There are 2 protein chains.
Amino acid sequence: MKEKELRRSLAVLPIGTVMKLTDLSARQIRYYEEQGLIVPERNAGNRRMFSLNDIDRLLEIKDYLADGINMAGIKEVYELQKQRAKQKQAALARPLTDDDVRRILHDEFLNLGRLQSDPGPHYPAH
Amino acid sequence: MKEKELRRSLAVLPIGTVMKLTDLSARQIRYYEEQGLIVPERNAGNRRMFSLNDIDRLLEIKDYLADGINMAGIKEVYELQKQRAKQKQAALARPLTDDDVRRILHDEFLNLGRLQSDPGPHYPAH
DNA sequence: TGCATATGTCATGTTTTCTTACATGAATTG
DNA sequence: CAATTCATGTAAGAAAACATGACATATGCA
């Protein structure tokens with residue numbers, strides 16, 4: 001499962017291909033990068049190079065936008081995901097204290113309603 | 001298994017990416033196309049666009065060349081593969097006659113020695 | 001009405017790729 | 001040995017793709 005992950009994160013696609021695969025304009029893709037939602041690599045000539053993971057992320061962003069969530073909201077979604085991933089990794093790195101467990105469970109429940117079944121209220125631009 | 005095949009045959013990679021993934025020069029890749037060993041698609045602007053299957057094929061070609069097989073030999077290899085695939089499909093399309101079976105078995109045995117265990121003598125330039 | 005957001009469009013410069021042509025070292029053949 | 005063929009390198013000029021920056025605009029909200 002490690003090699004597959006590597007392949008999915010290989011930056012091999014130019015923006016033209018990504019436009020076709022996602023049906024997004026170059027302007028949109030660059031804007032999402034500007035907003036920090038994706039961070040495509042650059043080749044030696046400064047061309048953006050995208051991975052399959054980037055494609056997935058872009059399609060997700062598209063869905064969120066179609067659902068009426070704005071940039072700020074999407075950023076928050078990914079912030080939460082990042083923090084959850086970080087916690088999970090920390091949990092793997094060392095044995096969990098009771099306090100960890102409580103905090104993780106708390107966050108899980110906190111995020112359940114907002115991110116899965118129901119997008120919830122549209123996030124205001126903080 | 002059908003969707004995976006589709007993804008593998010999607011022409012999404014520019015030649016620059018292919019160069020890096022295969023460690024072949026643009027000259028080599030174009031030459032192999034000229035020889036009919038690969039047939040990359042073209043985008044609207046006439047740029048070659050490669051699929052993952054093309055990458056596999058190029059790496060195969062590289063291996064064959066490293067083994068001392070020349071273009072003519074490699075062409076023959078792929079010709080045989082194509083014919084075998086055609087026969088297999090024909091076999092699926094209609095019931096086999098005894099004669100079919102005999103002929104297919106014959107070809108299988110014929111190709112066994114040459115293509116699998118031992119590359120055999122280097123093919124002369126036809 | 002005025003402002004912020006998300007996207008379109010245009011201009012200009014750089015990078016990538018295309019085709020065509022010629023060059024070349026290694027192997028082959030007469 | 002001289003002449004070919006093969007597989008690849010290299011260079012030139014044109015076209016396509018992409019980058020950045022600026023300005024335009026529709027939409028929704030305060």
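Computed from a prediction, not measured in an experiment: that's the story for all the values here. Protein chains get the first letters and strands the later ones, always in sequence-line order, with residue 1 at the start of each.
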Return the polar atom pairs (N/O with N/O) between nucleotides 24-28 of chain C and the protein under 3.5 Å, or none.
none

Please tabulate, one pair per line, all N/O donor-acceptor pairs under 3.5 Å involving side-chain atoms of residues 13-22 of chain A, not counting sequence neighbours.
from	atom 1	to	atom 2	distance (Å)
A/Thr17	OG1	B/Val12	O	2.8
A/Thr22	OG1	A/Val18	O	2.7
A/Thr22	OG1	A/Leu24	N	3.3

Practice prompt. Take B/Arg42 and B/Asn46, measure what side chain to side chain donor-acceptor pair (under 3.5 Å) needs, and give me the verdict at the end.
Written response: CA-CA 5 Å; B/Arg42 299 291 182 122; B/Asn46 196 37; 3.2 Å; yes
Worksheet item: Can you list the residues that meet the side chain to side chain donor-acceptor pair (under 3.5 Å) rule with A/Asp23, with sequence neighbours excluded?
Response: none
Fill in: A/Lys62: partners by side chain to side chain donor-acceptor pair (under 3.5 Å), with sequence neighbours left out
none
Worksheet entry | Below 4.0 Å: OP1/OP2 of C/dA6 and any side-chain N or O of A/Tyr31 | yes
Fill in: Pairs involving residues 48-61 of chain A, ordered by first then second residue, that meet salt bridge (charged side-chain N to carboxylate O under 4.0 Å, His left out) (sequence neighbours left out)
A/Arg8-A/Asp56, A/Glu33-A/Arg48
In this structure, how many angstroms lie between the [atom2] atom of [N] and the [atom1] atom of [X], rounded?
X	N	atom1	atom2	value
B/Tyr32	D/dC6	OH	P	15 Å
A/Gln35	C/dT5	CD	P	8 Å
B/Gln28	C/dT17	CD	P	16 Å
A/Asn70	D/dC29	CG	C1'	12 Å
B/Glu41	C/dC18	CD	P	14 Å
B/Glu34	C/dC18	CD	P	13 Å

Discussion item. Give the residues of residues 55-62 of chain B touching DNA chain D, defined as any heavy atom closer than 4.0 Å, sorted by residue number.
Written reply: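 Per residue number, the list is empty: none.
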Fill in: Distance in Å, A/Leu52 CG paired with A/Leu10 CG, rounded so as to fall on 0.5 Å steps
8.5 Å
Fill in: Per-nucleotide protein contact string for nucleotides 11-25 of chain D, where B marks a base within reach and S marks sugar-phosphate only (heavy atoms under 4.0 Å, - for neither)
----BBBBSB-----
Which residues share a side chain to side chain contact (heavy atoms under 4.5 Å, CB included) with [X], sequence neighbours left out:
X	answer
B/Ser9	B/Asn53
A/Glu79	A/Lys82, A/Gln83
B/Asp63	none

Practice prompt. Please list, chain by chain and in numerical order, all residues satisfying salt bridge (Lys or Arg N to Asp or Glu O under 4.0 Å) with A/Glu3, sequence neighbours excluded.
Written response: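 Testing A/Glu3 for salt bridge (Lys or Arg N to Asp or Glu O under 4.0 Å), a comparison that skips the adjacent residues, returns A/Arg7.
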Discussion item. Any heavy-atom pair between the side chains of A/Phe50 and A/Glu41 that's under 4.5 Å?
Written reply: no
